[in-house]
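In what follows, a structure is listed as structure tokens, so that the remarks can point back to it.
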Amino acid sequence: MTAALLFVALAYIGVLFWLANWGDKTTPLAKRISHHPFVYSFSLGIYCTSWTYYGSVGTAATSSWNYLPILIGPALLFFFGQGFLRKLVLVSKKQNITTIADFISARYGKRQTTAIMVTIIALLATIPYIALQLKALSSSFLLLQNDDRISGSMLALSATLIMAMFAIFFGTRKVDVTEYRSGLMLAVAFESMVKLLALVAVAGLALYTLFNLSTVQTEQLTGSIWQHWQNFDFFSFNFIGQSLMAAAAIICLPRQFHVTVVDNQDKRHLYTARWAFPLYLLLTAAMIFPIATAAIHPGIGSGFSPDSFVLALPLMHENAFLTTFVFIGGLSAATAMIVVATLTLSTMISNDVVLPLMLRRKFKRNLITSSYKSQILLVRRFTIAGILILSYFYQQWFGHGKALASMGLVAFSLVSQLLPAIVGGLYWRKGHAYGVYAGLLAGFICWVLFLMLPILDAGNTLNAELQQTLITRGTLIALFANIGCYISFSLGADERLIDKIQAAAFVNPKEQAVFASRLNKNVKATVYDFKVLLQTFLGVQRSQQVLAHFALSHNLDDNNAHPEPEFIAYCERALTGVLGASSAQALIHTVASGKRMAFEEVVN
């Protein structure tokens, strides 16, 4: 069984490799399929990780309908919040946003400090989340193998290495993060289909098992079992609070922001996703109900952990095919999240932390004269490996004895602190970077004091309901502190010209051109200088594509001419797709000023 599982897992990863590689091709069929609206809608299913696939059944078995908020929240946002989502995507495309850190940094004056703060919060939330996926993978493998020749730590390490290979191979092919990764998104959409079909199959098996119980067992089902689902308060503090947390997470989680915003290559796809993605979530929720009902029945689920019952049920029926299919579904739930999360985090860390430090040391007092495309990609590859190694060690040291649902909720609670900066950035002109600094700091302190410390102090003595109450209450306290500091410090801050420009670009994009023309006057560089700058960081082929697109509606033949403000803004957006907003702005201002500045000054 062990050898067969290893073969199946490797074969499935091979299929994903092939599918992602085929999706990157430029043939008419490949482009038509990979750019289809349903691919975008299914790729949003990356939201349903191992927490949903395994952990939601555990939550439903122990806490009744408390598994619904994490699925209802995003569904309601996509159905009723289309105006917000369309504006988020529209502004991000105009600004060539690469990550959620880049979005917040670009909105609030393109300050590098802002991007670093967001990156730290994203890293603190995502590493435990990746560790959760590794835990689920190793636990499912250990449940299925019939001997102890391979330990759980060895399985987790093997999974880490495979995920690193996949993320590096398909996530770092292109230096421009805003280029649509058609192959990767096609593979993610395929994995979303697989895990939904696997849940449907297990739900069907659960119903078959329930309807074929003996008379005595049926009486148990109609008695105490149904009481588990009755008298539930759908307007309780936990239910509403966690629904709001989940709605925030669908935007604030780095991987979800990437799939929803950065990899949205046609805004019209949001119209399909408005009903398709909520339908996907509701189908997932519907499948969990019969599985959890079978899990809590003493004649079926006794002796099995609720978190692993999705896999234990077909194993109990000795159905090898369905067991293997469910194992592949769990593998899909974990791999999609790990690959996209590490890709997004690597972009944030490389653009906002590693790359500026590396260039400052290596090229101190030298001019920008060579190509940095390969160095940027190399930094991202090493960062992906580093993130996965940290996640592996976290899983080995801290990932034992915790329910999947509680680990996921803690990650949700931390990234939700980014919500005031995002919503305020799109709708409130007065929002300022100082407000973001104060809000994130206050939110993080309250998150530690009112959420993490009480949970750590209580240890394993907390029951599931009390633990969820602590998480929900701590999150909302931190969020209110965040909002209060964000508003008060923003009102007291002095705005620079770049702050006004970016506020106009995000709140009312039509007004940006007026401010931008003021910022880009007295340019001393030539068109040729900006062409060289693009080639340096984008590479020859990509820079030629970018310039050719701009030349369709503008004249770029005279290399010695002073560039128009539109061309300067266009170059900055192109560089933002590679370096992030703060670094791109620094480079553009350096070249536009005509000064032969040292690289140390540029990265600062």
Side-chain angles (χ1 to χ4, degrees), residues 46-47 49-52 54-55 99-101 115-139 152-153 155-168 171-172 245 249 252-259 333-354 379-418 440 443-444 447-448 451-453 455-456 471 474-475 478:
I46 193 178
Y47 173 78
T49 63
S50 297
W51 173 15
T52 307
Y54 293 118
T99 62
I100 190 170
I116 291 175
M117 288 185 70
V118 176
T119 300
I120 292 172
I121 289 177
L123 190 65
L124 290 175
T126 306
I127 284 182
Y129 213 155
I130 295 175
L132 185 153
Q133 313 306 312
L134 297 176
K135 175 186 176 182
L137 280 177
S138 58
S139 298
S153 59
L155 290 170
L157 180 60
S158 303
T160 303
L161 294 175
I162 293 174
M163 297 305 124
M165 289 174 56
F166 192 90
I168 289 171
T172 59
M245 287 168 56
C252 297
L253 283 170
R255 72 175 190 278
Q256 288 300 142
F257 185 90
H258 189 91
V259 175
T335 54
M337 180 271 164
I338 292 175
V339 169
V340 179
T342 52
L343 165 64
T344 307
L345 271 182
S346 71
T347 303
M348 294 165 67
I349 293 172
S350 64
N351 286 0
D352 302 317
V353 182
V354 178
V379 167
R380 288 178 185 165
R381 287 163 185 162
F382 276 108
T383 307
I384 286 174
I387 291 168
L388 284 170
I389 290 172
L390 284 175
S391 301
Y392 168 75
F393 283 117
Y394 182 95
Q395 188 267 338
Q396 291 298 302
W397 293 336
F398 307 109
H400 302 288
K402 292 183 180 179
L404 297 179
S406 62
M407 292 176 68
L409 273 178
V410 169
F412 273 25
S413 66
L414 183 55
V415 294
S416 64
Q417 300 306 312
L418 303 177
L440 290 179
F444 182 75
W447 179 80
V448 171
L451 192 154
M452 287 306 298
L453 290 182
I455 290 178
L456 293 175
I471 293 174
T475 302

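Please read these numbers as outputs of a predicted model, since none were measured by experiment. Quick note: numbers below take in every heavy atom, side chains included, and nothing from hydrogens, waters or symmetry partners.
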message = Nearest 0.5 angstrom please: I471 CD1 to W447 CH2, how far?
response = 10.0 Å

ask   = So how far is it from M348 CE to I120 CD1, rounded to the nearest 0.5 Å?
value = 10.0 Å

ask   = Do Y129 and V410 have side chains that get closer than 4.5 Å, going by heavy atoms?
value = no

ask   = Do side-chain atoms of Q256 reach the backbone of C252 as a donor and acceptor pair under 3.5 angstrom?
value = no

request  = Without swapping roles, check the side chain of T126 against the backbone of L123 for a donor-acceptor pair under 3.5 Å.
outcome  = no

Verdict with supporting geometry, L134 and L388, side-chain contact (heavy atoms from CB on, under 4.5 Å) = CA-CA 10 Å; L134 297 176; L388 284 170; 5.6 Å; no

ask   = Which atom names give the shortest non-hydrogen contact between V379 and S350, and what distance separates them?
value = CG1-CB, 3.5 Å

message = Working to the nearest 0.5 angstrom, can you tell me the gap between I46 CD1 and I338 CD1?
response = 10.0 Å

remark   = Closest non-hydrogen contact found for V415 with A125 is CG1-CB, 3.4 Å

key: Atom of F412, atom of M245 and distance for their closest heavy-atom approach   = CB-CE, 4.2 Å

inquiry  = For R380 and L343: C-alpha separation, side-chain torsions, deciding distance, then whether side-chain contact (heavy atoms from CB on, under 4.5 Å) applies.
reply    = CA-CA 8 Å; R380 288 178 185 165; L343 165 64; over 6 Å; no

ask   = Could you state the interatomic distance from CG (L418) to CE (M117), rounded to the nearest 0.5 Å?
value = 10.0 Å

remark   = Taking every heavy atom of Y394 against every heavy atom of I127, the minimum-distance pair comes out as CB-CG2, 4.1 Å

query = Any idea which heavy atoms bring A131 and S391 closest together, and the distance?
reply = CB-O, 3.5 Å

remark   = Closest non-hydrogen contact found for S346 with I387 is N-CD1, 3.8 Å

